[in-house]
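Here's the structure, in C-alpha cells; my notes come after.
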Amino acid sequence: MSSEEKKEKYSKETQMIYGQAHSMKWDYNHHVVPPITSSATYRLDSAERGAQGFIEFANTTEETKRKQPILIYDRLGEPNKDILEENLAFAESGDCAITFGCGMAAISAIFGVLTKSGDEIIAHRTMYGCTYSLLTNWYPRYNINVQLLNLHDLDMLVSAITPQTRVIYFESPINPTLTLIDIGGIADIVKQINSTRPEDEHIKVVVDNTFATPYCQRPIELGADFVIHSLTKGIGGFGTDMGGVVIGPEKYRDLLLLYRKDFGGVLSPKAAWPVLVYGLPTLSLRVQRQIKSAMVIAEYLEKHPKVRSVSYPGLPSFPQYELAQKQMRNYDGEFAPGTLMYFTLKSDSPQESRDKGEKLINFCADNAYTITLAVSLGHTRTLIEHPGSMTHSAIPAEEQVQRGMDPGGVRLSIGIEHPDDIIQDLETALAQI
Ligand SMILES: *Cc1c(COP(=O)(O)O)cnc(C)c1O
C-alpha cells in the first residue's frame with residue numbers, strides 16, 4: 001500500500017494532524033538560507049535507529065563526524081543550533097562549540113563541566129553582575145571555593161593558585177570598566193603550572209569574550225582553553241533573542257553535550273536561527289562600523305570639558321593601550337578596540353558624580369533619538385546605562401569603587417547609527433548637566 005492509499009483510511013481530522021510525512025516540498029539541499037527548524041522530537045525509522053542514536057549521542061568519533069546525525073530530541077541536538085555551533089567554533093578558532101539558552105547558561109555549564117565539590121575557581125574581581133552573583137551566592141553552597149583577585153597583577157595570581165584551582169575565569173575587556181586582562185600572560189603562567197600536574201588536575205583558562213566579539217579578539221589563539229559568549233549581545237547583534245555558547249577543545253564536546261542534556265538550558269532553534277542567518281554573517285560589517293564610530297565618539301568625549309575620564313581601548317590615553325594593541329586584532333590583524341566605552345563626569349564628590357551620571361542618562365532617555373537607555377550591548381542601536389545601579393548592582397556599592405567602578409560611571413555601547421548623530425545627542429545631553 002502506498003502512503004497515499006494508507007492515509008485514505010483515516011479521517012480528515014487525523015490527516016490534518018499528520019499531513020504529508022514525506023512531502024515532495026522538502027528539499028533542504030537547495031535552500032540558500034538554512035530553513036528555520038522547529039521540531040522538539042524526531043521520527044525514528046526503527047527501534048534500531050533509536051538505539052543507535054542514543055549510542056552515538058555525546059560519543060563523537062571521526063566516523064560520526066563524517067555522517068549525518070541521528071536526530072532524537074531538540075535538547076540533544078538539532079539542525080539550526082548544530083550548524084550555528086560549527087560556525088561559532090570557526091569564528092573563534094576553536095575545535096567545537098556548544099550553544100546554550102543564554103550567556104549565563106553557558107557560563108554555568110563551563111563551570112559545571114570543569115569543577116566539582118572541593119575544587120576552586122579563581123576569577124577577576126570585576127565582572128558582569130550575574131556572573132559575580134553566580135560565583136559568590138551559589139558556588140559556596142556547592143563547596144566550590146571562589147577567589148576573586150585582581151588579575152592585572154600576575155605575580156599575585158601565581159601565589160594565589162592552590163592545588164585545588166581548576167579554573168581561571170575573566171572577561172577582557174571587563175564589563176563595565178573596559179580594562180583588559182593579559183590573556184597570553186595568564187595562559188603562559190597556567191601552562192607552566194599545568195606541566196607539573198597530572199592532566200585531571202590541570203587548570204583551564206576561560207575567557208568571557210562577549211565584549212570584544214571574535215571579530216576583535218580570539219582568546220583561544222592567544223592561549224586560552226575556552227571562550228564563552230552571550231550571543232544575546234554583539235554576535236546576535238540585533239537584540240531579538242537570547243543565547244550563549246561555550247567554545248573549546250574537541251575533548252570537551254561530549255561532556256558539554258551531556259551537561260546540556262541533563263541540566264537543560266538549551267538554545268531554542270528559533271533563537272539559533274537569527275544568529276545563524278543575521279547575526280554572525282553581519283558581525284564583521286557591524287563591528288567595523290561600530291569601531292569606527294566608537295573611536296570618533298571616544299575622542300569627542302575625551303575632549304569635552306565636562307567629562308573627567310573615558311575608558312576606551314582604542315584611545316592612546318588608555319592605560320593598557322599597548323596590551324590592547326597586542327591582543328585586540330580583527331581577522332586581518334588590524335587593531336580592533338571594540339564597540340564599548342565607559343566614561344565619568346567631572347564632579348567634586350562621589351555623590352555628585354552619581355547625580356550627574358543619572359541626570360545625563362535620564363536626559364538621553366527622554367530626548368535622544370540615537371541613544372537608548374537600556375541594558376545589553378553590541379546592538380545595532382546605541383545603548384546607554386548606569387552599571388552601578390543596573391547591570392552590576394549585585395556588587396555592593398563600596399566594593400564597586402574598590403573594583404575600579406565610579407559611582408557615576410556611564411557605559412555606552414555604540415550602534416550602527418551615523419556617528420555624527422550620536423555625538424549630536426551626546427552634545428545636547430552634556431549641555432544639560
Ligand atoms: C550579558 C552578559 C552575560 C550574560 O549573558 P545573557 O545572555 O544575558 O545570559 C555574560 N557576560 C557578559 C560580559 C555579558 O555582558
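Every value quoted in this text rests on a predicted model; they were computed, and no experiment measured them. Indexing begins at 1, ligand by ligand and atom by atom, following the structure's order. The first residue of the sequence shown is numbered 1, and numbering continues consecutively from there.
The pair K67-E63 does not count as a salt bridge, with every side-chain nitrogen at least 4.0 angstrom from each carboxylate oxygen. In this structure, R260 pairs ionically with E85, as a charged nitrogen and a carboxylate oxygen lie closer than 4.0 Å.
Other residues, nucleotides and ligands contribute more than 12 heavy atoms inside 6.0 Å of the NZ atom of K65.
Within ligand 1, the atoms closer than 4.0 Å to a non-hydrogen atom of D208 are 10 (C), 11 (N), 12 (C), 13 (C), numbered from 1 in the order shown. Heavy-atom contacts of G243 reach the following atoms of ligand 1: 7 (O) (cutoff under 4.0 Å). Heavy-atom contacts of C102 reach the following atoms of ligand 1: 7 (O), 9 (O) (cutoff under 4.0 Å). Residue-ligand proximity, N175 to ligand 1, at heavy-atom distances under 4.0 Å covers atoms 13 (C), 15 (O). Numbered from 1 in the order shown, with element, the atoms of ligand 1 that lie under 4.0 Å from a heavy atom of I107 read 10 (C).
The protein heavy-atom contact nearest to atom 6 (P) of ligand 1 is G103 N, 3.3 Å. For atom 14 (C) of ligand 1, the nearest protein heavy atom (residue, atom name, distance) is K233 NZ, 2.9 Å. Distance from atom 4 (C) of ligand 1 to its nearest protein heavy atom, with residue and atom name: Y128 CE2, 3.4 Å.
Judged as a side chain to side chain contact (heavy atoms under 4.5 Å, CB included), and not counting sequence neighbours, the contacts of A271 are D241, L267, S268.
In L231, neither the side chain nor the backbone holds a heavy atom less than 4.0 Å from any atom of ligand 1. For L377, every heavy-atom contact with ligand 1 shorter than 4.0 Å involves the side chain, none the backbone.
Aromatic ring orientation, H304 versus Y300: perpendicular (interplanar angle above 60°, classes split at 30° and 60°).
Polar contact check, E171 against ligand 1: no nitrogen or oxygen pair lies under 3.5 Å apart.
Only one option out of E385, H386, H392 pairs with R411 in a side chain to side chain donor-acceptor pair (under 3.5 Å); it is E385.
Counted by atom type alone, D188 and Q192 present zero donor-acceptor pairs between their side chains at under 3.5 Å.
Looking at M242, M127, M104, it is M104 that brings a heavy atom closest to atom 9 (O) of ligand 1.
Without hydrogens or angle criteria, S172 side chain to I181 main chain gives a donor-acceptor distance under 3.5 Å.
Remark: aromatic rings of F335 and Y321 are close, center separation under 6.0 Å.
Using 4.0 Å as the threshold, A105 has no heavy atom nearer than that to any atom of ligand 1.
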